[in-house]
Number of protein chains: 2
Amino acid sequence: MPTENIVHSPAACKQSIAAVRDTLYVLSGKWKLPIIVALSTGPTRFKDLQRTLEEITPKILSKELKELELNEFVTRTVYATSPVSVEYELTKYSQSLQKIIGEMRDWGLQHRKRMMSKK
Amino acid sequence: MPTENIVHSPAACKQSIAAVRDTLYVLSGKWKLPIIVALSTGPTRFKDLQRTLEEITPKILSKELKELELNEFVTRTVYATSPVSVEYELTKYSQSLQKIIGEMRDWGLQHRKRMMSKK
DNA sequence: GTTACTGGTATCCTTTAGTATACTGGTATC
DNA sequence: GATACCAGTATACTAAAGGATACCAGTAAC
């Protein structure tokens with residue numbers, strides 16, 4: 001669980017803001033976390049990822065995968081089949097994001113229920 | 001703690017993706033979470049928020065605060081001092097985001113250390 | 001009476017995100 | 001021999017996010 005939720009001093013507050021901003025910077029955009037969730041079922045090919053994510057275009061998927069590779073969340077492996085097949089797979093380091101993702105999924109489910117019951 | 005990290009079936013995977021995307025949609029952008037962290041020290045005035053966040057322009061801060069109000073994370077109170085003062089305050093519902101924020105802060109701190117030790 | 005603070009708004013601009021559509025080369029399928 | 005699949009890339013475009021700068025009215029301090 002997170003170390004502390006309540007920020008006590010202005011300095012601690014600024015440090016928390018900086019840390020959250022660092023995380024947001026790495027995970028920026030609409031697709032990085034959904035891609036990581038999609039890959040959590042195991043190694044997945046480009047076209048299959050596109051199908052799972054439904055609305056993503058190949059250009060964006062390609063761009064996001066490259067950024068995820070740079071940040072060491074994902075590895076890309078080319079197999080010498082014919083035609084070649086390419087698999088994307090989560091790294092060990094990506095596991096460190098699982099708590100964030102779990103909390104975000106739970107919050108999203110809860111939020112949807114809340115919205116439904118309101119309207 | 002999050003309910004389950006590993007996605008077992010394709011259907012559960014799609015549901016997780018949708019839930020994470022819902023959360024990302026509500027928290028979209030560079031500033032919403034940092035603003036919530038900044039407000040966690042208690043009711044804060046517009047100008048003080050701007051000072052805490054340092055690089056944010058009043059236009060963006062104003063826009064983000066309106067969106068946070070719409071999503072019921074923040075309330076805006078005007079006091080009839082002269083000149084008027086305005087305070088922004090976290091709602092009870094915003095507490096539901098604390099786990100996400102805590103995890104993101106912890107991850108950000110960890111990530112920064114990791115980057116430092118690499119280079 | 002000039003300067004500074006507050007809580008913003010207005011205008012203009014740049015950057016990034018995202019969409020749409022078409023295309024490629026090699027292979028396998030019908 | 002036409003069609004379809006794979007893993008993208010190329011090009012052109014639109015929309016959204018965000019930043020820079022200036023400004024406002026009311027008040028208080030000097």
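Everything numeric here is computed off the predicted structure, so don't read it as measured data. Throughout, a chain's letter reflects where its sequence line sits, starting with A, and its residues are numbered from 1. Just the heavy atoms: all of them, side chains too, but no hydrogens, waters or symmetry mates, feed the values below.
With sequence neighbours left out, the side-chain contact (heavy atoms from CB on, under 4.5 Å) criterion links A/Gln95 to A/Gln98. By the side-chain contact (heavy atoms from CB on, under 4.5 Å) test, A/Ala19 pairs with B/Arg105, B/Leu109, sequence neighbours left out. Under the side-chain contact (heavy atoms from CB on, under 4.5 Å) criterion, B/Arg112 pairs with A/Asp22, B/Met116, sequence neighbours left out. For B/Thr75, the side-chain contact (heavy atoms from CB on, under 4.5 Å) test picks out B/Glu89, B/Thr91, with sequence neighbours left out.
Between B/Glu72 and A/Arg114, at least one side-chain N (NZ, or NE/NH1/NH2) sits under 4.0 Å from a carboxylate O, which counts as a salt bridge.
Residues A/Val84 and A/Val74 share a hydrophobic cluster, clusters being chains of Ile/Leu/Val/Met/Phe/Trp/Tyr side chains in contact below 4.5 Å. Residues A/Val78 and A/Leu70 are members of separate hydrophobic clusters, defined by side-chain heavy-atom contacts under 4.5 angstrom among Ile, Leu, Val, Met, Phe, Trp and Tyr.
Considering every non-hydrogen atom in both B/Cys13 and A/Ala38, the closest pair reads SG-CA, 3.9 Å. Contact record, B/Ile101 with B/Leu33: CG1-CD2, 3.8 Å, taken as the closest heavy-atom pair.
Between the side chain of A/Gln110 and the backbone N or O of A/Trp107, at least one donor-acceptor pair lies under 3.5 Å.
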- [ ] State the dot-bracket string of DNA chain C. Criteria: Watson-Crick or G-U wobble, both atom distances under 3.5 angstrom; notation: ( ) intrastrand, [ ] crossing earlier pairs, | interstrand, . unpaired.
- [x] ||||||||||||||||||||||||||||||

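Here B/Ser28 contributes atom OG and A/Leu24 contributes atom CG; the two are 11.0 Å apart, rounded to the nearest 0.5 Å. Separating the CG atom in A/Leu39 from the OG1 atom in A/Thr44 is a distance of 5.0 Å, to the nearest 0.5 Å.
Near DNA chain D, meaning a heavy atom under 4.0 Å away, the residues from residues 68-78 of chain A are A/Arg76. Across residues 55-65 of chain B, B/Pro58, B/Lys59, B/Ser62 each have a non-hydrogen atom less than 4.0 Å from an atom of DNA chain C (numbered order). The stretch residues 22-35 of chain A touches DNA chain C through A/Lys30, A/Trp31, each having a heavy atom within less than 4.0 Å of the strand.
Regarding A/Gln50, its CD atom lies at a distance of 13 Å from the C1' atom of C/dT19, rounded to whole Å. In this entry the distance linking CG of A/Leu53 with P of C/dT19 reads 12 Å, nearest Å.
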Could you go over nucleotides 25-30 of chain C and give all protein N or O partners under 3.5 Å, atom names and distances?
none

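Ring orientation note: the planes of A/Tyr93 and A/Phe73 are close to parallel, at an angle under 30° on the 30°/60° scale.
Within the structure, the salt bridge (charged side-chain N to carboxylate O under 4.0 Å, His left out) test picks out the following pairs touching residues 25-35 of chain B (sequence neighbours left out): B/Lys32-B/Glu64, B/Lys32-B/Glu67.
Nucleic acid contact class of B/Tyr79 (heavy atoms, under 4.0 Å, all strands): none.
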Just distance, no hydrogens or angles: give the donor-acceptor pairs under 3.5 Å from side chains in residues 55-63 of chain B, sequence neighbours left out.
{"residue": "B/Glu55", "atom": "OE1", "partner": "A/Arg21", "partner atom": "NH1", "Å": "2.4"}

Open item on the list: Evaluate B/Lys99 against A/Lys99 for side chain to side chain contact (heavy atoms under 4.5 Å, CB included), listing each step before the verdict.
Closed with: CA-CA 9 Å; B/Lys99 282 191 211 164; A/Lys99 282 192 212 164; over 6 Å; no

- [ ] Please lay out, stage by stage, how B/Tyr88 and B/Val86 fare under the test side chain to side chain contact (heavy atoms under 4.5 Å, CB included).
- [x] CA-CA 7 Å; B/Tyr88 293 90; B/Val86 179; 3.8 Å; yes

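Cation-pi geometry between A/Arg45 and A/Tyr79 is not met: the NZ or CZ atom fails to fall both under 6.0 Å from the ring centre and inside 45° of the normal.
Scanning DNA chain D 5' to 3' for nucleotides with an atom closer than 4.0 angstrom to a non-hydrogen atom of chain B gives a first and last hit of D/dG18 to D/dA28.
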